[in-house]
Amino acid sequence: MTNHPENRLKDSASPYLRSAAHQPIDWHEWNDAAFARAKAEDKPILLDIGAVWCHWCHVIDRESYENPEIAKIINDNFVAIKVDRDERPDVDSRYQSAISAISKQGGWPLTGFLLSDGKPFFGGTYFPPEDQMNRPGFRRVLLAVADSFRNRRAELERAAESLSEAVAHAEVFTGARAEFDPGVVAAQIDSITQLFDIKNGGFGRAPKFPHASAIDLILERYQQTKEKHLLAMAETTLEKMARGGVYDQLAGGFHRYSVDERWLVPHFEKMSYDNSELLKNYLHVWQATQNPLLRETAEGIIGWVNDVLSDQENGGFYASQDADYSLDDDGDYFTWTLEELRAALLPEEARVMELYYDVQAHGEMHHNPSKNVLWIARDAGDIAEELSLDNATVRLTIAKAKGKVLAARQPRPTPFIDKTMYVAWNAMFVSAYLHAARVLGASLGANCRAFALKTLDRMLKEAWSESRGFGHRIGGPALEGSLDDQVFSVLALLDAYETTLDPRYFSAAQKTMDLAIARYGDAEGGGFLDRPSDAAPMGGLDVRRKPFQDSPTPSANSVAAIALIRMRAFTGDNGYYDLAKKTLEAFAGIAPQYGLFAATYGLAATLFAHHPLQVVITGDSNDPAAQALEAAAHRVFRFGKSVIRITPGASLTHLAGALKETLPHLPAGKPLAVVCSGQTCLPPASDPAQLAALLVDTGTAASAG
């Protein structure tokens with residue numbers, strides 16, 4: 001690397017952008033100054049979109065952006081803009097759509113070539129520095145694009161205009177509007193079932209990604225229909241993932257995806273949004289099955305997040321942990337040679353763990369064949385039989401040896417943790433932790449509850465405003481919030497209200513929902529746009545966009561519909577109901593064909609058709625009978641269910657109309673459970689088993705209205 005001054009990215013709030021500060025490229029962040037310079041100098045724009053956790057982003061940085069010769073070509077011929085996709089999801093989503101239309105490729109790094117007004121005319125993903133791997137070399141691409149910009153400008157301008165129009169048309173789903181049909185859920189379940197991998201769990205072929213909303217959808221469908229294959233699909237998928245290398249067997253937490261269909265070899269980065277949604281999955285399916293592996297995995301996620309991915313002192317969840325600590329490493333922090341494993345353990349422990357984790361002289365990692373990904377290959381009983389040991393001894397050995405192997409991993413160079421706190425991802429984890437608090441009980445549940453509320457209070461203090469709702473980031477320079485930031489926060493605030501009955505959480509939820517409707521809603525076409533109507537111009541591909549597909553997080557429009565349905569259940573305000581219906585109608589014409597990738601829409605459709613279940617438990621706070629009813633209410637998974645604990649003297653201000661009318665007629669202070677759906681409440685139950693049965697049976701045949 002040659003000596004040269006740091007570029008202007010040195011002062012960026014984004015760790016990904018700061019990591020490029022040493023590069024010999026005159027990088028800009030995404031801002032008006034970059035576009036003004038491109039226009040003034042009559043140059044095309046080179047757009048690089050990546051993330052700090054993205055392996056190939058670091059590869060193109062090292063191979064090309066740190067290469068002085070390639071940097072000179074870029075500086076002479078282009079205005080260069082670098083974007084962190086986590087910091088600017090609005091920029092990323094639009095250019096992903098455009099570049100994938102050109103190149104049939106998406107993902108990161110995203111490499112785009114734009115006119116000075118920001119309209120794209122060419123691009124791709126990773127380019128090697130010279131021609132290889134059936135990909136054109138970056139040097140050749142840069143020179144060809146620069147030549148075309150000088151000599152074939154009119155052609156590029158026509159292509160850019162045509163592409164921008166196509167993206168604008170696609171992103172608002174013109175023609176997708178139709179009457180809402182609850183039958184969409186059956187069509188989605190059929191589609192998901194056809195993609196199910198019976199042998200390995202999960203959906204589709206390699207690479208295998210978690211599809212958290214699909215798991216919740218098939219589980220809720222099982223609760224309604226009792227079709228056992230649906231529960232088996234959910235449980236098998238989560239079991240296979242928990243036993244695979246996609247789960248960090250030593251420290252807990254899930255890697256982003258598996259490169260093979262058996263969940264064995266992952267891409268090793270760990271994302272906040274995957275782990276929050278998978279935590280919910282494991283808790284939900286544990287509720288339905290009481291499978292101890294699922295609870296253990298949920299607790300493993302929480303343990304890893306508490307240790308690594310959160311600010312325990314102040315509240316807040318960090319964004320991600322990188323896959324690698326350097327470019328010469330590919331998951332080395334997480335993988336083991338046979339010699340490394342044996343060095344960490346006594347010989348008798350090593351023999352057990354070699355069988356348990358399938359550690360051999362030749363492992364699964366292609367770049368270093370001696371490296372093994374740890375995955376559960378055999379159960380304790382099988383190992384006991386093979387080694388002529390008793391089962392209890394093997395179990396004890398596994399538990400003890402896991403601790404030793406984890407301790408041996410700790411001194412290794414640790415992959416980078418992006419401590420940026422994004423509002424939507426924090427809200428998702430607040431909801432997950434509050435759910436954990438309700439179903440896990442005891443000290444772990446209490447800790448989850450306290451940390452979730454501490455995080456939510458920090459979000460309200462540092463990232464919320466009365467006029468604009470939530471920003472995108474907690475701390476650092478202010479960033480305009482996205483639709484995701486608003487609607488996931490509404491759900492987190494409602495979850496906190498259900499947990500605490502603190503009216504300030506409900507008030508903030510309602511204000512945020514109303515701001516989202518006013519600032520992001522499409523009053524004419526239905527649904528919501530990802531950026532507020534009064535946001536500053538984006539520059540570039542400033543098209544209206546309605547996010548619909550679950551990729552990589554649950555669709556913000558589907559989440560908005562869920563938030564509206566839950567707000568209506570609390571307030572009885574039919575305005576929320578009408579907006580939820582209009583949001584579902586905005587995508588009703590295309591939802592069935594999206595199948596697996598619109599499972600959150602299926603959840604919203606289910607909730608709309610059957611109404612959220614609301615359970616109110618009365619009785620003194622220390623009454624064992626009331627506590628037993630509350631525990632029974634939490635044991636049953638039903639999507640969108642609320643459990644509210646009313647003690648004598650508690651405020652009933654925000655309860656839905658039917659509940660508010662029913663509760664005054666109940667015997668004061670007596671432990672009872674009332675189950676309501678829509679505007680109908682069932683007779684009170686005093687027996688926990690009866691309550692659990694009511695929750696399974698209620699709402700399965702109800703219709704919207």
Donor-acceptor pair between Asp495 and Ser431 side chains, under 3.5 angstrom:
yes

Is the closest side-chain donor-acceptor distance between His435 and Gln287 under 3.5 Å?
yes

Does CZ belonging to Arg243 count more than 12 external heavy atoms closer than 6.0 Å?
yes

Could you check whether any side-chain N or O of Trp425 sits under 3.5 Å from a backbone N or O of Ala319, counting only pairs where one atom can act as donor and the other as acceptor?
no

Quick one: does Gln223's side chain have a donor or acceptor within less than 3.5 Å of a partner on Leu219's backbone?
no

Is the backbone of Asn574 close enough, under 3.5 Å, to the side chain of Arg568 for a donor and an acceptor to pair up by distance?
no

Please check: side-chain N/O of Arg221 versus main-chain N/O of Val185, any donor-acceptor pairing under 3.5 Å?
no

Side chain of Ser276, backbone of Tyr273: donor and acceptor closer than 3.5 Å?
yes

Asp623/Lys670 salt bridge by N-O under 4.0 Å criterion:
no

For His211 and Phe597, take the angle between the two ring planes, folded into 0 to 90°, and tell me which bin it lands in: parallel under 30, tilted 30 to 60, perpendicular over 60.
perpendicular

Provide the full list of side-chain hydrogen bond (donor to acceptor under 3.5 Å, both in side chains) pairs with a residue in residues 681-693, sequence neighbours left out, each pair given once.
none

Decide if atom CZ of Arg378 counts as having more than 12 heavy atoms of other residues, nucleotides or ligands within a radius under 6.0 Å.
yes

For a ring pair (Phe, Tyr, Trp, His ring centres under 6.0 Å) check, start with the C-alpha distance between Tyr497 and Phe570, then their side-chain angles and the critical distance, and finish with the verdict.
CA-CA 11 Å; Tyr497 173 68; Phe570 273 112; 5.8 Å; yes

Non-hydrogen side-chain atoms of Met241 and Pro210 separated by less than 4.5 Å
yes

From Leu453 CG over to Asp502 CG, what is the distance, rounded to the nearest 0.5 angstrom?
9.0 Å

Do the side chains of Arg295 and Leu283 get nearer than 4.5 Å, heavy atoms only?
no

Starting at CG of Leu278, measure out to OH of Tyr247 and round the result to the nearest 0.5 Å.
10.5 Å

Side-chain heavy-atom pair Leu264, Ser258 within 4.5 angstrom cut-off:
no

Which pair of non-hydrogen atoms, one from Ala626 and one from Pro671, has the smallest distance, and what is that distance?
N-CB, 3.6 Å

Please step through side-chain contact (heavy atoms from CB on, under 4.5 Å) for the pair Cys448 and Ile302, ending with a clear verdict.
CA-CA 8 Å; Cys448 287; Ile302 292 166; 3.8 Å; yes

How close do Leu279 and Ala432 get, counting heavy atoms only, and between which atoms?
CD2-CB, 3.9 Å

Assess the side chains of Asp514 and Tyr576: does a donor N or O sit below 3.5 Å from an acceptor N or O?
yes

Could you report the tightest heavy-atom contact between Leu596 and Ala214, atom names first, then the distance?
CD1-CB, 3.6 Å

Decide, yes or no, whether a salt bridge links Lys240 with Asp197 under the criterion of side-chain N to carboxylate O below 4.0 Å.
no

For Trp375, does the six-membered ring have the charged nitrogen or CZ of Arg262 within the cation-pi criterion, i.e. under 6.0 angstrom from the centroid and within 45° of the normal?
yes

Where do Arg645 and Glu630 land on the salt bridge (charged side-chain N to carboxylate O under 4.0 Å, His left out) test, with the steps shown first?
CA-CA 8 Å; Arg645 185 76 168 81; Glu630 188 175 2; 3.2 Å; yes

Is it true that Thr499 and Arg438 share a donor-acceptor pair across their side chains at a distance under 3.5 Å?
yes

Output yes when Glu269 and Arg256 qualify as a salt bridge under the 4.0 Å nitrogen-oxygen rule, no when they do not.
yes

Can you check whether Phe196 and His229 have ring centres sitting under 6.0 Å from each other?
no

Ile617 to Ala633 - nearest heavy-atom pair and separation:
CD1-CB, 4.4 Å

Would you mind reporting whether Ile218 and Ile189 have side-chain heavy atoms less than 4.5 Å apart?
yes

With distance as the sole test, does Asp379 use its side chain to make a donor-acceptor pair with the main-chain N or O of Gly381 at under 3.5 Å?
no

Applying side-chain contact (heavy atoms from CB on, under 4.5 Å), run through Met421 and Arg458 and close with a yes or a no.
CA-CA 11 Å; Met421 297 181 192; Arg458 184 175 182 183; 3.4 Å; yes

Centres of the Phe317 and Tyr433 rings: under 6.0 Å?
yes

Using modelled atom types only, decide if a donor and an acceptor are shared between the side chain of Asp485 and the backbone of Ala424 within a distance under 3.5 Å.
yes

Is any side-chain heavy atom of Thr237 closer than 4.5 Å to one of Val285?
no

Once rounded to the nearest 0.5 Å, what's the spacing between atom CG of Leu238 and atom OG1 of Thr289?
8.5 Å

Nearest non-hydrogen partners of Trp304 and Gly253, listed with the distance
CE3-CA, 3.8 Å

Give a yes or no answer on whether the side chain of Asn275 reaches the backbone of Met271 with a donor-acceptor pair at less than 3.5 Å.
yes

Which of these passes side-chain hydrogen bond (donor to acceptor under 3.5 Å, both in side chains) with Glu498: Arg566, Gln614, Lys641?
Arg566

Do the ring planes of Phe608 and Tyr577 sit parallel (below 30°), tilted (30 to 60°) or perpendicular (above 60°)?
parallel

Are Lys546 and Asp530 within salt-bridge range, i.e. N to O under 4.0 Å?
no

State yes or no: are the ring centers of Tyr282 and Phe254 separated by less than 6.0 Å?
yes

Any donor-acceptor pair under 3.5 Å from Ser555 side chain to Phe548 backbone:
yes

Under 3.5 Å, is there a donor-acceptor pair between the Asp216 and His284 side chains?
yes

Is the distance between the ring centroids of Tyr594 and Tyr601 less than 6.0 Å?
no

For Arg504, I'd like to know if atom CZ has over 12 heavy atoms of other residues, nucleotides or ligands within 6.0 Å.
yes

Under a 3.5 Å distance rule, please check whether Gln249 uses its side chain to pair with a backbone N or O of Ala242 as donor and acceptor.
yes

Would you say Leu613 and Cys676 make side-chain contact, with heavy atoms under 4.5 Å?
no

Test Phe528 against every option in Ile517, Val559, Val487 by the side-chain contact (heavy atoms from CB on, under 4.5 Å) rule and name the one that passes.
Ile517

Please walk me through it: do Val675 and Leu695 pass side-chain contact (heavy atoms from CB on, under 4.5 Å)?
CA-CA 8 Å; Val675 178; Leu695 288 174; 4.1 Å; yes

Derivation and outcome, side-chain contact (heavy atoms from CB on, under 4.5 Å), residues Leu603 and Ser213:
CA-CA 8 Å; Leu603 288 167; Ser213 292; 4.2 Å; yes

Using distance alone, with no hydrogens and no angle criterion, decide if Tyr222 and Glu227 have a side-chain donor and acceptor under 3.5 Å apart.
no

Which heavy atom in Ser272 sits nearest to a heavy atom in Tyr318, and how many Å separate them?
CB-O, 3.4 Å

Going by the rule side-chain contact (heavy atoms from CB on, under 4.5 Å), which residues pair with Leu493 if we only count those two or more places apart in sequence or in a different chain?
Leu456, Leu460, Phe470, Tyr505, Ala508, Ala509, Thr512

Regarding Glu277 and Lys280, does a basic nitrogen lie under 4.0 Å from an acidic carboxylate oxygen?
yes

